[in-house]
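Below is one structure; the comments refer to it alone.
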Amino acid sequence: MGLSDLHLEVKINKPRDVVNQICMDAIDYGKDHGLFVAFSAEDATRTELPKLLDVYKQAQDHGADRIHIADTTGSINPYATQYLVKNIKKEIDTEIALHCHNDFGFAVANSIAGLFEGATAISTTVNGIGERAGNASLEELIMSLKLLYNKDLGFKTEVIYELSQLVSKYSKIPISDSKAIVGNNVFRHESGIHVDAIVKNPLAYEPFIPEMIGTKRQIVLGKHSGKSAVIEKLDTLNIKVDDTQLSQIVSLVKQERERGEEITNNKFDEILEKVNIKR
Ligand SMILES: CC(=O)SCCNC(=O)CCNC(=O)[C@H](O)C(C)(C)COP(=O)(O)OP(=O)(O)OC[C@H]1O[C@@H](n2cnc3c(N)ncnc32)[C@H](O)[C@@H]1OP(=O)(O)O
Ligand SMILES: O=C(O)CCC(=O)C(=O)O
């Protein structure tokens, strides 16, 4: 139920005590029917704390199994989330969940901040899909808890990429190339200095190896490429070149990309022909 003053006015247009009673009746109904009842205060992060605590206490007294803090407009930040959860936890024993939207890009950070203060459940969605800017992304939460906070939730991370692709395919919601964890560019490298280091040790420019989520690294040739990237490409084709040919290939790759041409396998073959290398 939307419990900020704004939601009461715009959506229900009834006094707070009447609306609270509707919520309690719903909780009673659920409990009378043997259900697990999670009571969510929508727009909780724009509801004055005493009003929020009051309704959560009532929900607890009516036997709610979990209370939800819904950051309906994604407007809270991690520090405020910590403050909010800490103060609710002082007064409420019931399990606390967070439902965070991503309007300012904080959904996962806010969820983690809440977990730090004792929240125990998080609403997530694959690829972060959801109303407007979406909700906390499952894959971002799993991987950041595992790798940045050493908290393994026990998920098989190696199926994350496949799951993300499946959800995108069936929901028909494309994944942005730069989407954290599962975006197409996340393990894609072009800049010469990066590629040189990646070839020696991928962790120089990757926080974790792509196989961990079931995907692969891509090294692409473009206007930022240097010799290492071209050598890497030639190695995959089993082609050896001398230093002069290598320099010629690197500058042709840059020129072609500058002209707007993607360096596909065919384009790379054309470049090799120009420097008299046969495949
Ligand atoms: C927490 C969340 O917000 S999750 C996302 C919300 N979920 C959904 O919207 C589920 C999908 N929605 C639907 O299928 C439809 O909106 C229905 C069946 C729920 C309602 O359909 P309709 O009766 O046509 O109403 P409509 O879609 O216009 O919604 C407005 C009505 O919902 C009421 N409403 C809003 N919040 C609540 C609530 N928490 N409890 C009860 N009624 C509510 C409004 O007061 C308004 O009632 P009114 O028409 O008497 O003024
Ligand atoms: O708390 C929930 O589970 C749902 C709340 C919600 O969808 C919202 O307020 O954005």
Side-chain angles (χ1 to χ4, degrees), residues 1-12 16 19 23 38-56 59 64 66-89 92 94-149 151 153 155 160 163-164 167-168 171-183 185-186:
M1 181 67 82
L3 290 168
S4 60
D5 290 345
L6 179 67
H7 272 227
L8 287 186
E9 182 196 325
V10 173
K11 293 168 62 185
I12 307 288
R16 182 174 293 278
V19 175
C23 296
F39 166 69
S40 179
E42 247 193 305
D43 213 17
T45 54
R46 298 190 303 178
T47 304
E48 288 156 73
L49 189 53
K51 294 173 182 169
L52 198 56
L53 285 172
D54 177 51
V55 73
Y56 284 151
R66 185 188 279 163
I67 58 132
H68 277 210
I69 303 169
D71 183 27
T72 302
T73 58
S75 303
I76 201 167
N77 64 51
Y79 306 106
T81 304
Q82 285 185 287
Y83 174 87
L84 186 58
V85 175
K86 190 188 279 180
N87 280 286
I88 293 172
K89 230 182 139 46
I92 307 281
T94 308
E95 185 184 4
I96 298 174
L98 281 144
H99 176 98
C100 298
H101 279 269
N102 205 31
D103 299 69
F104 286 91
F106 282 162
V108 172
N110 287 336
S111 302
I112 291 174
L115 291 175
F116 263 113
E117 294 301 332
T120 48
I122 301 294
S123 302
T124 61
T125 58
V126 174
N127 299 335
I129 60 178
E131 287 281 21
R132 310 182 309 282
N135 289 84
S137 133
L138 176 69
E139 60 280 4
E140 290 174 30
L141 189 83
I142 291 173
M143 294 308 286
S144 52
L145 285 178
K146 186 177 168 88
L147 296 177
L148 305 179
Y149 295 94
K151 178 81 192 158
L153 298 179
F155 285 86
I160 284 179
L163 174 67
S164 158
V167 169
S168 177
S171 64
K172 296 193 168 43
I173 299 175
I175 304 164
S176 148
D177 282 348
S178 54
K179 163 78 179 63
I181 311 293
V182 290
N185 286 353
V186 172

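In this text the structure is predicted, and so the values were computed from the model without any measurement. The chain is numbered in sequence order, starting from 1.
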Expected output: side-chain Asn77 to main-chain Thr81 donor-acceptor under 3.5 Å: no
Heavy-atom pair of closest approach, residues Ala70 and Ser40: CB-OG, 3.9 Å
Nearest heavy atoms of Ala59 and Ile67, plus distance in Å: CB-CG2, 4.4 Å
Among all residues two or more places apart in sequence or in another chain, which pass the side chain to side chain donor-acceptor pair (under 3.5 Å) test with [X]?
| X | result |
| --- | --- |
| Thr47 | none |
| Ser144 | none |
| Lys89 | none |
| Ser4 | Asp43 |

To the nearest 0.5 Å, what is the distance between [atom1] on [X] and [atom2] on [Y]?
| X | Y | atom1 | atom2 | value |
| --- | --- | --- | --- | --- |
| Tyr56 | Ile92 | OH | CD1 | 8.5 Å |
| Thr73 | Arg46 | OG1 | CZ | 4.0 Å |
| Ile160 | Phe155 | CD1 | CZ | 8.5 Å |

Just so I know, are the side chains of [X] and [Y] near enough to count as touching, which here means a heavy-atom distance under 4.5 Å?
| X | Y | answer |
| --- | --- | --- |
| Leu98 | Asp71 | no |
| Ile88 | Leu53 | yes |
| Ser168 | Ile173 | no |
| Leu52 | Leu84 | yes |
| Asp54 | Arg16 | no |

Which residues share a side-chain contact (heavy atoms from CB on, under 4.5 Å) with Glu140, sequence neighbours left out: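 Only Val108, Ser137, Lys179, Ala180, Ile181 meet the side-chain contact (heavy atoms from CB on, under 4.5 Å) criterion with Glu140.
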For a quick test of your reading: what N or O donor-acceptor pairs under 3.5 Å do the side chains of residues 121-130 make, sequence neighbours left out?
from	atom 1	to	atom 2	distance (Å)
Ser123	OG	His99	ND1	3.0
Thr125	OG1	Ile129	N	3.0
Thr125	OG1	Ile129	O	2.7
Asn127	OD1	Ser164	OG	2.8
Asn127	ND2	Ser164	O	3.1

Ring pair (Phe, Tyr, Trp, His ring centres under 6.0 Å) contacts touching residues 68-89 (sequence neighbours left out):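 Qualifying pairs: none.
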Considering residues at least two apart in sequence or located in another chain, which fulfil the salt bridge (charged side-chain N to carboxylate O under 4.0 Å, His left out) criterion with [X]?
| X | answer |
| --- | --- |
| Lys86 | none |
| Glu131 | none |
| Lys51 | Asp5, Glu48 |

For Tyr149, all residues meeting ring pair (Phe, Tyr, Trp, His ring centres under 6.0 Å), sequence neighbours excluded: Phe116
side-chain contact (heavy atoms from CB on, under 4.5 Å) evaluation trace for Val55 with Met1: CA-CA 11 Å; Val55 73; Met1 181 67 82; over 6 Å; no
Intermediate values then yes/no, side-chain contact (heavy atoms from CB on, under 4.5 Å), Ile112 and Leu148: CA-CA 11 Å; Ile112 291 174; Leu148 305 179; over 6 Å; no
Salt bridge (charged side-chain N to carboxylate O under 4.0 Å, His left out) partners of residues 101-126, not counting sequence neighbours, each pair once: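 Passing the test, one end in residues 101-126: Asp103-Arg132.
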Within 6.0 angstrom of Lys151 NZ, more than 12 heavy atoms from elsewhere: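 Counting neighbours around NZ of Lys151, 12 or fewer heavy atoms of other residues, nucleotides or ligands fall under 6.0 Å, so no.
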Evaluation steps, side-chain contact (heavy atoms from CB on, under 4.5 Å), between Leu8 and Leu3: CA-CA 6 Å; Leu8 287 186; Leu3 290 168; 4.3 Å; yes
Check against side-chain contact (heavy atoms from CB on, under 4.5 Å), Cys100 and Phe106: CA-CA 8 Å; Cys100 298; Phe106 282 162; over 6 Å; no
